[in-house]
Colleague: 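Encoded as structure tokens, here's the structure I'll be asking about.
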Amino acid sequence: IASAVEAGLLGWKMQQHHSQFYGGDGIVVKGVENTIRNVGTLASEGMRETGRTIIRLYKPTSGEVWFNGARIDGQLNKEETRAVTSKMQMIFQDPVASLNPRMTVEEIIAEGAKINGIFHSKEELKENVKKMLELVGLTSEHATRYPHEFSGGQRQRICIARALITKPDLIIADEPISALDVSIQAQVLNLLNDLRHELGLTILFIAHDLSVVKYFSERVAVMNRGRIVEMAPSELLYQNPVHPYTRSLLSAIPIPNPILEKKRVRFSYDPAMHVYDEQNQPQMIEVEPGHLVFLSQKEYQEYLEAKKHEG
């Protein structure tokens, strides 16, 4: 993975990641390997545990995570931790839960910059807090208020400002609009889209709404049961979904036109449809340039035959 990451910003390879839940223990991520290059957006369907493991909220039970050419999944000293936390930020799903109700907006946004010692004086820090507020569509007057005084969309804007003030290379957006009203979702999504172009941000966008993913992302990785099953540039994946799980997800997207919606054909995915043995194990296969799919050789041959008949 090291050689792959040298040309990119972030790379990870996880054999397994265990999580405890409801008194039990289960594998939530397995056999995941990926690289994100500078200035772009990778959207993932079903990748929450991976995102939180990358940013060191969860400790991986096996595998590697590389960031800016350095491995970050193991024990880091104070300086190494600061280098990672200042250049990698996260926008959480629920803005209410991720904002301290006892802190003002100014204190919330400034906290990360203070800890990492990014600015040299209180005046410079205060000025940058104001800049971040204006950048996300708020005003300097909001700096002295508390989180409960804002709407859901405004709270998420505060979270975005908090993530941006450390001038990160990478932002992990963990379903940043799913807890918001539909009318507000578009505003926050457009804000993130504008900011990534304006500031040259690299964003790992985690979502379950594939229509949002299509609008926002340049590349898409689809995960099922902790494993990436298909990855491709956004347009390519939506035009030519190959893996049965991807096809089932795309077939579930509602169509705004009621006449077309009645005719929409839904594809049902059954994991039992895959018949694997020792001689027929699945792997990531490039079915076309830039389009990787988790298939066995037998499934790949079936795909090629189907393409011939279509042609």
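Since this is a predicted model, take the numbers as computed values, not measurements. If you read the sequence from its start, that first residue is 1, and numbering goes on from there.
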Colleague: Count the heavy atoms belonging to other residues, nucleotides or ligands that lie under 6.0 Å from NE2 of H120, then report whether that count exceeds 12.
Modeller: no
Colleague: Does a side-chain heavy-atom distance below 4.5 Å link L170 with P168?
Modeller: no
Colleague: Once you round to the nearest 0.5 Å, how far does OG of S234 lie from NZ of K214?
Modeller: 7.5 Å
Colleague: Following the transitive rule for hydrophobic clusters with a side-chain heavy-atom cut-off under 4.5 Å over Ile, Leu, Val, Met, Phe, Trp and Tyr, establish whether L295 and V229 coincide in one cluster.
Modeller: no
Colleague: At their closest point, which heavy atom of N193 faces which heavy atom of F216, and how far apart are they?
Modeller: N-CE1, 3.6 Å
Colleague: Taking CG in L260 as the centre, count heavy atoms belonging to other residues, nucleotides or ligands within less than 6.0 Å. Is the count above 12?
Modeller: yes
Colleague: Could you list the residues that satisfy side-chain contact (heavy atoms from CB on, under 4.5 Å) with S268, not counting sequence neighbours?
Modeller: none
Colleague: Please identify which of these residues, L99, V105, N100, meets the side chain to side chain contact (heavy atoms under 4.5 Å, CB included) condition with M103.
Modeller: N100
Colleague: Quick check: closest heavy atoms across R157 and V136, and the distance to 0.1 Å?
Modeller: NH1-O, 2.6 Å
Colleague: With a 3.5 Å distance limit and no angle check, can you tell me whether N257 reaches the backbone of I259 through a side-chain donor-acceptor pair?
Modeller: yes
Colleague: Report the C-alpha distance between T85 and N116 in whole Å, list the side-chain angles of each, state the deciding distance to 0.1 Å, and finish with yes or no for side-chain hydrogen bond (donor to acceptor under 3.5 Å, both in side chains).
Modeller: CA-CA 8 Å; T85 55; N116 290 291; 3.2 Å; yes
Colleague: Determine whether Y238 and L250 make a side-chain contact, defined as any pair of heavy atoms from C-beta on separated by less than 4.5 Å.
Modeller: yes
Colleague: If you define the side chain from C-beta out and look only at heavy atoms, does anything of L164 sit under 4.5 Å from L201?
Modeller: yes
Colleague: Are any of the side-chain heavy atoms of C159 and F92 separated by less than 4.5 Å?
Modeller: no
Colleague: What distance do F119 atom CZ and I165 atom CD1 have between them, rounded to the nearest 0.5 Å?
Modeller: 5.0 Å
Colleague: Is a side-chain N or O of Q185 found less than 3.5 angstrom from the main chain of L180, in a donor-acceptor match?
Modeller: yes
Colleague: Which atoms form the tightest heavy-atom contact between L237 and E230, and what is the distance?
Modeller: CD1-CG, 3.8 Å
Colleague: If I take atom CD from residue Q89 and atom CD1 from residue I203, how far apart are they, to the nearest 0.5 angstrom?
Modeller: 13.0 Å
Colleague: Checking R56 side chain against G74 main chain: does a donor-acceptor pair fall under 3.5 Å?
Modeller: yes
Colleague: Between the main-chain N or O of L57 and the side-chain N or O of R52, is there a donor-acceptor pair closer than 3.5 Å?
Modeller: no
Colleague: With hydrophobic residues grouped by side-chain heavy-atom distances under 4.5 Å, do L192 and M132 end up in a single group?
Modeller: yes
Colleague: Nearest 0.5 Å please: distance from the CE atom of M223 over to the OH atom of Y245.
Modeller: 10.0 Å
Colleague: Can you tell me how far the CD1 atom of I158 sits from the CD atom of Q156, to the nearest 0.5 Å?
Modeller: 9.5 Å
Colleague: Would you list the pairs meeting ring pair (Phe, Tyr, Trp, His ring centres under 6.0 Å) in which at least one residue belongs to residues 137-157, sequence neighbours left out?
Modeller: H142-F150
Colleague: What are the two closest heavy atoms between V275 and N280, and how far apart are they?
Modeller: O-ND2, 3.2 Å
Colleague: Between H274 and E299, is any pair of side-chain heavy atoms under 4.5 Å apart?
Modeller: yes
Colleague: Any side-chain heavy atom of L138 within less than 4.5 Å of one from Q154?
Modeller: yes
Colleague: Let's go through H243 and Y269 carefully: what are the C-alpha distance in whole Å and the side-chain angles of both, what is the deciding distance for side chain to side chain contact (heavy atoms under 4.5 Å, CB included) to 0.1 Å, and is it a yes or a no?
Modeller: CA-CA 10 Å; H243 197 277; Y269 173 67; 4.0 Å; yes
Colleague: For a side chain to side chain contact (heavy atoms under 4.5 Å, CB included) check, start with the C-alpha distance between L189 and F205, then their side-chain angles and the critical distance, and finish with the verdict.
Modeller: CA-CA 11 Å; L189 200 62; F205 188 84; 3.8 Å; yes
Colleague: Give a yes or no on whether the backbone of K167 and the side-chain of K87 come within a donor-acceptor separation of less than 3.5 Å.
Modeller: yes
Colleague: For M88, which of N68, I172, T166 qualifies under side chain to side chain contact (heavy atoms under 4.5 Å, CB included)?
Modeller: I172
Colleague: Could you check V287 against K307 for side chain to side chain contact (heavy atoms under 4.5 Å, CB included), going step by step and ending with a plain yes or no?
Modeller: CA-CA 11 Å; V287 297; K307 290 290 285 184; over 6 Å; no
Colleague: So, the side chain of N77 versus the backbone of E80: is there a donor-acceptor pair under 3.5 Å, distance only?
Modeller: yes
Colleague: Please report the shortest heavy-atom distance between F267 and S248, naming the atom on each side.
Modeller: O-CB, 3.2 Å
Colleague: Would you say the side chains of N240 and E288 form a donor-acceptor pair under 3.5 Å?
Modeller: yes
Colleague: Would you name the heavy atoms of G153 and V188 that are closest together and state the gap between them?
Modeller: O-CG2, 4.3 Å
Colleague: So, do H208 and S178 sit near enough that their side-chain heavy atoms are less than 4.5 Å apart?
Modeller: no
Colleague: Are Y215 and I255 connected in the hydrophobic side-chain network, where two residues link if heavy atoms are under 4.5 Å apart?
Modeller: no
Colleague: What is the distance from atom CG of L204 to atom CD1 of I91, rounded to the nearest 0.5 Å?
Modeller: 11.0 Å
Colleague: Give a yes or no on this: more than 12 heavy atoms of other residues, nucleotides or ligands lie within 6.0 Å of atom NZ of K126.
Modeller: no
Colleague: Spell out, as yes or no, whether a donor-acceptor pair under 3.5 Å connects the side chain of T246 to the backbone of V242.
Modeller: no
Colleague: Please evaluate residues Q297 and Q283 with respect to the criterion side chain to side chain contact (heavy atoms under 4.5 Å, CB included), reporting the C-alpha separation (whole Å), side-chain torsions for both, the decisive distance (0.1 Å), and the verdict.
Modeller: CA-CA 8 Å; Q297 281 298 326; Q283 59 183 334; 3.5 Å; yes
Colleague: According to a hydrophobic-cluster definition based on side-chain heavy atoms being under 4.5 Å apart (Ile, Leu, Val, Met, Phe, Trp, Tyr only), do L195 and L133 belong together?
Modeller: yes
Colleague: Can you tell if the side chain of N128 reaches within under 4.5 Å of the side chain of I118, non-hydrogen atoms only?
Modeller: no
Colleague: Are L249 and M273 joined in one hydrophobic group, where the rule is that I, L, V, M, F, W and Y side chains link up if heavy atoms are under 4.5 Å apart?
Modeller: yes
Colleague: Holding to salt bridge (Lys or Arg N to Asp or Glu O under 4.0 Å), I want the full list of residues that pass it with R266, two or more places apart in sequence or in another chain.
Modeller: E261
